[in-house]
There are 2 protein chains.
Amino acid sequence: MSLIVQKYGGTSVADLDRIKNVARRVKRDYEQGHKVVVVVSARSGVTNRLVEDAKALNSNPDAREMDMLLTVGEQETIALLAMALHSINVPAVSRTGAQAGILTDDVHTKARIMQISGGDIHTQLDSGKVVIVAGFQGRNKDGEITTLGRGGSDLSAIALAAALKADLCQICTDVDGVYTTDPRIVPDAQKIEQISYEEMLELASLGSKVMQSRAVEFASKFNVIFEVRSSLNNNPGTIVKAEVPSMEDVLVRGVAVDKNQVKVVVRNIPDQPGTAAKVFKAMADSNVNVDMIVQNIGRDGKANLTFTVPTDDAYTAEKAINSTMEAAGVPGVVVLTDRIAKLSVVGIGMRSHSGVASRLFTAFAEAGINLQLIATSEIKISVSIDLSKADEAVRVAHKAFELDKAKK
Amino acid sequence: MSLIVQKYGGTSVADLDRIKNVARRVKRDYEQGHKVVVVVSARSGVTNRLVEDAKALNSNPDAREMDMLLTVGEQETIALLAMALHSINVPAVSRTGAQAGILTDDVHTKARIMQISGGDIHTQLDSGKVVIVAGFQGRNKDGEITTLGRGGSDLSAIALAAALKADLCQICTDVDGVYTTDPRIVPDAQKIEQISYEEMLELASLGSKVMQSRAVEFASKFNVIFEVRSSLNNNPGTIVKAEVPSMEDVLVRGVAVDKNQVKVVVRNIPDQPGTAAKVFKAMADSNVNVDMIVQNIGRDGKANLTFTVPTDDAYTAEKAINSTMEAAGVPGVVVLTDRIAKLSVVGIGMRSHSGVASRLFTAFAEAGINLQLIATSEIKISVSIDLSKADEAVRVAHKAFELDKAKK
């Protein structure tokens, strides 16, 4: 008999039929004798409607009141799922984040979990009940309702699994697991059987979008093994866990692509100490995430600075640089922007095997794909490429590392 | 500077424009230097949608989970109203029922208030904030979320006014106040300036529908003076308070009519001790509210029993009587039912003035309106009449007691 924590996201509980589907899945595990804790998100659409209402009343709604407003989404779902379980004769009880003892700090809309008591969850499980917990939410020490930010339900599930010492944590979503790359781009993409936290983090933050990074980081910190699997079928998913030696046998675990990137080129920066630093300070002050930085000094002593930012931040970035340079009295600086794609190959096998970069660059060269910026880490190589070549580049990279037939 | 508790019902906060309207009203009182506590209901429609979802998943949803589900309605409203107030520069903070310290017993969906601490409401008011409290809801000693049943937001407001020792409690609704009768039937109906709890209770329970009886009973018990007034205009409303001698100058305060009544005639009851009692026991066991009971014994020694029940309960009543008589082996009992209207004239002046009944019956006789059943209490005379004559009877009664021009 295991203690299983299962998380179902907004699309998995989007309507009453899907809630019934989740209830049947929970019932199956419950009838096999497992103790089941279910963490659910708001029904998809509910949160967006509430956000629209809020914005219509106040262009800059108070963070505390946003938490008060948005937490109703999960509270609806937990009650409805409990009713659906009752109707198929599964004893169940719902718990808000506060009732489940999810204690957070005071930072509304992006609170951090400080401690999880679990409330009376163990007692309820011992009495034969399924316990349904509202994801995404908690309370601070003063009893204020808080939320954990985007993707917070994944975090709730993983943190609960850690606190309850669960045997298994399942993140049930609308995909079958983590793939070697986006199957819509490469139909031969393979589901990955197991993956390390580190690889998952790189893939998640690079646009594979299965889970938010914070939940993976939390799992890594508290060594919570979890499985990403479908809420609609019974296929085995992808196990995410700490690195084991055998994982290094695979050179590259997956290829991620992020098409929402803009390359920013800042030209004619005078060669004065600190001027380039001003550019990055302007980015940081504007909360713009900068990546893939390259600087080169021209013969005239002027520098060019190139880096990438998310498309959503491009306008902010451009304005911030121009006004910073103007304020600093630096003339002649030109900012050019261009939408690009960022492709990354990720694998902890790279640590102990060389030749990944050369294999990738050779494959791109043979395919006539031009690389612009290159950035590397211990387990990742990222390149920026022309947006129009993005899908082709993914196919080339996927094939170059034989991911279509690789041992997964 | 007064402490005002204001309650706005579901229609008063039904959409974003109405929420903005409420915010402007609250701002006006706030800017006059008053401390304002606002109690709100769920936006009208929200509760019904949630109930529909629940019923679609479970024909008999668990009471605890219903409370978990339905309390999101008010939680939405409090957050949205706080945002609306912020946007017009009024400092405000929202509180769930639990956060406002509304402690109830354990009876989900119809909990009784045990105690109200108010939480930190006084502190928030002292710091210059408007406090917005979710009506209808509380929590029990174990931290479970409970609800107060139909009309619970009125009760929340009045109980909070008592606990906070408010100077004024305003029940803001979609009517201007309590009228001498339904203005849709009698255009000359007058708004009542002040009315006693007792009269209000008789009028409320008789279908004037302004407020639920429990809230009025609570106000009476704790002597909370409140005003029923419109949320859409600034007209003075009706003050509801304990009886004062001058109230007795008015013989009849108002005329109420309830068109959802069925007259039940049980014929041929054998004259055996306890047989009639069996009928009423069957009604009680079926939770059917019985009123206006008349029994007459025929010459054959058989009794006829006549009483009224709400239309919604008529079918249940008829079935219960038939099966009880069958189970008791009593043959020949016939149950006849007929929809009727119940008209009541109410006024504490009746206590000290005689002649009300004769004046009413004379007026009906002159108008050719036939009375069927008659029931009286110290401050009320009720008669059952033909449904088709209901409106005419209201007009006749209203005129007979000069309510169209009466000192109100």
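Residue numbers begin at 1 in each chain, while the letters A, B, ... track the order of the sequences.
Taking every heavy atom of both residues into account, B:Met83 and A:Ala54 meet most closely at SD-CB, 3.5 Å.
Looking at B:Glu144 and A:Arg95, a side-chain N of the basic residue comes within less than 4.0 Å of a carboxylate O on the acidic one, giving a salt bridge.
Only the backbone of A:Ala92 comes within less than 4.5 Å of a heavy atom of chain B; no side-chain atom from C-beta onward does. Residue A:Arg43 touches chain B through its side chain alone, counting heavy-atom pairs closer than 4.5 Å.
Chain B forms the most heavy-atom pairs under 4.5 Å with one residue out of A:Asp62, A:Asp15, A:Asp53, and that residue is A:Asp53. With chain B as partner, the option from A:Asn60, A:Ile19, A:Thr96, A:Val93 having the largest number of non-hydrogen pairs under 4.5 angstrom is A:Val93. Considering only heavy-atom pairs separated by less than 4.5 Å from chain A, the leading option among B:Leu80, B:Leu70, B:Leu50 is B:Leu80.
Summarising the local packing, CZ of A:Arg150 is surrounded by 12 or fewer heavy atoms from other residues, nucleotides or ligands at distances under 6.0 Å. Annotation: B:Lys27, atom NZ; neighbour count of heavy atoms from other residues, nucleotides and ligands within 6.0 Å is above 12.
Formation of a donor-acceptor pair under 3.5 Å by the A:Gln75 side chain with backbone atoms of B:Leu69 is not found in this model. A donor-acceptor contact shorter than 3.5 Å is absent between the side chain of B:Asn58 and the backbone of A:Ala84. Counting only distance, with no hydrogens or angles, the side chain of B:Arg64 and the backbone of A:Ser94 share a donor-acceptor pair below 3.5 Å.
Taking the side chain as every heavy atom from C-beta outward, A:Gln99 and B:Met68 approach each other to under 4.5 Å.
To the nearest 0.5 Å, atom CG of residue A:Leu57 and atom CG of residue B:Leu81 are 9.0 Å apart.
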